[in-house]
Amino acid sequence: MGTRHLFVRFAGCNLACRYCDTPRDTPATCRVELVAGRQRFFHLPNPLTPEEVVLLVVNLLRQLRHGAVALTGGEPLLYPTFLRELLPALRQVGCRIYLETNGTLPHALEEVVDLVDIVAMDLKLPSSTGLRSYWSEHEEFLARLEGKEVILKAVVSRQTSKEEVERAGELAEKARAVLVLQPVTTRDPNSRPSGMRLLEMQEWALRKTSDVRLIPQVHKICGWL
Ligand code: SF4
């Protein structure tokens, strides 16, 4: 947290979480920042080619050093063929690759895992997503990440159970990963966990694994994208 990342955002997702703030449809154009972090954009027609993305990334990196190029979504692993073309070119110009993923597409991960440096994987808890559980997909996914730097993130709500948090802690321990508990961003007071409840959740997880962090969505607090 706090490091400058250059984001490449992919449209579309295989899930539909209750709290999702990403548009479901692919927009006709892709917004590209003119100056890193200043929210001044120009538009290019979608879809971009891997070569176009590399040129845009390199141009922004010339302006400012970044800790990594973050692939985010939507779900980047919907596009493994595109990633297999994009990532070697980005690595060639010295980028570290940080993959953000919902952790439910282990077979797609297998196609690109050798090309990513850090993986930030969501643990999808039914209490906050409103969906079924994905524990078996998550386990399969994590099994393919041996040797990688892994961060696990679970969005938690007032309805999140002790059992879910403990299971998240167990998976983090097995994967030697940092576990981030992120309170759901919502105006609904019935969904938002209280400060005291968050501390309780952290305690449940800390009984299963050693590095558990409570981190809200920083970009929302700071008014970034
Ligand atoms: S996995 Fe992420 S992008 Fe997909 S629906 Fe859930 S919150 Fe939205």
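Whatever order the structure lists them in is the order used to number ligands and atoms, beginning at 1. We count residues from 1, following the sequence as given.
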*Asks:* For S127 and Q159, what are the C-alpha separation, side-chain angles and deciding distance, and is it a side-chain hydrogen bond (donor to acceptor under 3.5 Å, both in side chains)?
*Replies:* CA-CA 6 Å; S127 59; Q159 287 71 34; over 6 Å; no
*Asks:* Keeping Y98 on the side-chain end and F7 on the backbone end, is there a donor-acceptor pair under 3.5 Å?
*Replies:* no
*Asks:* Test C13 against every option in L77, T22, N102 by the side-chain contact (heavy atoms from CB on, under 4.5 Å) rule and name the one that passes.
*Replies:* N102
*Asks:* Verify, without hydrogens or angle tests, whether R144 (side chain) and E140 (backbone) share a donor-acceptor contact under 3.5 angstrom.
*Replies:* yes
*Asks:* So, are E170 and R167 salt-bridged, with charged N and O less than 4.0 Å apart?
*Replies:* no
*Asks:* Around atom 6 (Fe) of ligand 1, list the protein N/O/S atoms within a radius below 2.8 Å, excluding water molecules.
*Replies:* C17 SG
*Asks:* Can you name the residues that form a side chain to side chain donor-acceptor pair (under 3.5 Å) with D211, not counting sequence neighbours?
*Replies:* R213
